[in-house]
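None of the values given here were measured: they were computed from a predicted structure. Heavy-atom basis, side chains included; hydrogens, waters and symmetry copies ignored.
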Amino acid sequence: ANVRLINYSTIDSSSETPFGVSLVVSLVACAQEIVNSVMQLPSQSAICQWLVDNAEVKASDVNRARKLCLAESGREEEVLRNLLRLGSVRDDQAVEAYATLLGVPRLQLDEASWDIEPLMIGSERFLRHHGLVAVAADAATVTVVASPPLSQYALDAMGYCASKSVSLQLATAADVNTLIERLYGQ
């Protein structure tokens with residue numbers, strides 16, 4: 001949706017810059033604008049470092065989770081998931097880490113927020129697997145509530161399905177599951 005139109009009638013054929021180079025430079029600049037406008041999630045190591053510094057998580061627990069990741073998949077992309085699974089990190093601590101590092105609001109379901117109606121974007125299986133659900137949309141954005149660990153792929157997919165940019169809010173896994181159950185009536 002963020003496309004720069006080029007007026008071909010204004011391109012000077014007598015200039016020293018060949019037409020193809022001008023077009024490539026314009027396309028690269030446009031692609032860079034798109035990349036800069038997309039929210040980038042913090043790395044797993046940044047999240048783990050924040051947890052060690054601010055949430056009383058032991059560095060030895062992070063190292064154990066990292067070794068477990070390497071043994072299971074050969075990659076360190078699931079460190080936070082392993083910390084949550086092992087019980088070394090509480091769900092609310094992970095939410096706080098993401099909220100602080102990303103500077104996004106935290107959703108807490110209480111009596112006042114029961115008027116939130118989730119939107120039917122994505123299958124139930126996809127939403128449950130990635131721990132996210134869309135809760136509001138306007139002309140330009142869709143608001144997605146997600147629980148840690150966040151997936152860049154899942155957030156991008158939600159934006160793509162809605163054909164809108166994503167506004168992120170964070171919540172615990174229990175709150176996200178409550179919203180999904182409300183959406184699918186279970």
Side-chain angles (χ1 to χ4, degrees), residues 32 34-110 113 116 118 121-136 141-162 165-184 186:
Q32 188 63 41
I34 293 170
V35 168
N36 290 339
S37 69
V38 175
M39 177 189 336
Q40 294 297 314
L41 298 178
S43 67
Q44 293 281 315
S45 60
I47 294 291
C48 291
Q49 188 60 51
W50 189 94
L51 289 167
V52 168
D53 293 343
N54 301 296
E56 300 175 7
V57 172
K58 297 177 186 171
S60 60
D61 290 340
V62 173
N63 289 334
R64 183 169 39 126
R66 190 170 281 128
K67 287 178 185 176
L68 185 60
C69 284
L70 293 173
E72 289 177 346
S73 66
R75 302 180 319 230
E76 290 190 37
E77 297 172 0
E78 301 291 321
V79 175
L80 184 59
R81 188 177 309 278
N82 281 339
L83 285 168
L84 289 164
R85 188 178 68 180
L86 293 170
S88 300
V89 173
R90 293 188 322 271
D91 202 25
D92 62 319
Q93 291 173 317
V95 169
E96 188 64 31
Y98 272 108
T100 302
L101 292 174
L102 286 171
V104 297
R106 190 176 168 175
L107 176 77
Q108 295 180 340
L109 286 182
D110 54 12
S113 62
I116 294 175
I121 299 176
S123 69
E124 179 181 12
R125 183 176 179 181
F126 179 84
L127 299 178
R128 287 189 189 278
H129 178 77
H130 292 288
L132 47 80
V133 63
V135 294
T141 62
V142 60
T143 301
V144 174
V145 176
S147 63
L150 301 180
S151 163
Q152 186 72 53
Y153 162 76
L155 293 172
D156 292 344
M158 292 293 281
Y160 179 78
C161 286
S165 63
V166 172
S167 171
L168 180 63
Q169 290 186 356
L170 296 166
T172 63
D175 288 345
V176 170
N177 283 331
T178 298
L179 290 170
I180 293 171
E181 288 171 8
R182 191 182 314 165
L183 176 62
Y184 287 96
Q186 295 178 359

*asked:* Just by distance, no angles: are the side chains of Asp156 and Gln152 close enough, under 3.5 Å, to form a donor-acceptor pair?
replied: yes
_Tell me the closest heavy-atom pair linking Val79 and Cys69, and the distance in Å._
N-SG, 3.3 Å
_Quick check: closest heavy atoms across Leu107 and Asp175, and the distance to 0.1 Å?_
O-OD2, 4.0 Å
*How many angstroms lie between CG in Leu80 and CZ in Arg66, if you round to the nearest 0.5 Å?*
11.0 Å
*Taking all non-hydrogen atoms of both residues into account, name the closest pair between Pro149 and Tyr98 and its distance.*
CA-OH, 4.0 Å
*asked:* side-chain contact (heavy atoms from CB on, under 4.5 Å), that's the test. Do Leu155 and Met158 meet it? Break it down for me.
replied: CA-CA 5 Å; Leu155 293 172; Met158 292 293 281; 5.7 Å; no
_Distance check, rounded to the nearest 0.5 Å: Leu170 atom CG versus Ser147 atom OG?_
9.0 Å
*Chi angles and distances behind the side-chain contact (heavy atoms from CB on, under 4.5 Å) call for Leu127, Leu183*: CA-CA 11 Å; Leu127 299 178; Leu183 176 62; 4.0 Å; yes
*Between Cys161 and Ile121, what is the shortest heavy-atom contact and its length?*
CB-CG2, 3.8 Å
For residues 82-90, which side-chain donor-acceptor pairs fall under 3.5 Å, sequence neighbours excluded?
unit_1 : atom_1 : unit_2 : atom_2 : d
Asn82  : OD1    : Arg85  : NH2    : 3.0
Arg85  : NH2    : Glu72  : OE2    : 3.2
Arg90  : NE     : Asp92  : OD1    : 3.2

_Straight-line distance of Gln93 CD to Trp50 CH2, nearest 0.5 Å_ = 8.0 Å
_Heavy-atom closest pair, residues Ala171 and Val145_ = CB-CG1, 3.6 Å
*Please step through side-chain contact (heavy atoms from CB on, under 4.5 Å) for the pair Gln49 and Val57, ending with a clear verdict.*
CA-CA 9 Å; Gln49 188 60 51; Val57 172; over 6 Å; no
*Taking the side chain as every heavy atom from C-beta outward, state whether Val142 and Ser167 have any pair of such atoms under 4.5 Å apart.*
no
*From Leu132 CG over to Gln169 CD, what is the distance, rounded to the nearest 0.5 angstrom?*
13.0 Å
*Looking at Ser123 and Tyr184, what are the two nearest heavy atoms and their distance?*
C-OH, 3.5 Å
*Rounded to the nearest 0.5 Å, how far apart are CZ of Arg106 and CG of Leu168?*
13.0 Å
*Does a side-chain heavy-atom distance below 4.5 Å link Ile47 with Gln44?*
no
*Could you tell me whether Tyr160 atom OH has more than 12 heavy atoms of other residues or ligands within 6.0 Å of it?*
no
_Candidate pair Arg128 and Glu181, rule side-chain contact (heavy atoms from CB on, under 4.5 Å), full reasoning_ = CA-CA 10 Å; Arg128 287 189 189 278; Glu181 288 171 8; 3.6 Å; yes
*Reported CG-to-CG distance for the pair Leu68 and Asn63, which is rounded to 0.5 angstrom*: 12.5 Å
*Are Val62 and Leu51 close enough that some pair of their side-chain heavy atoms sits under 4.5 Å apart?*
no
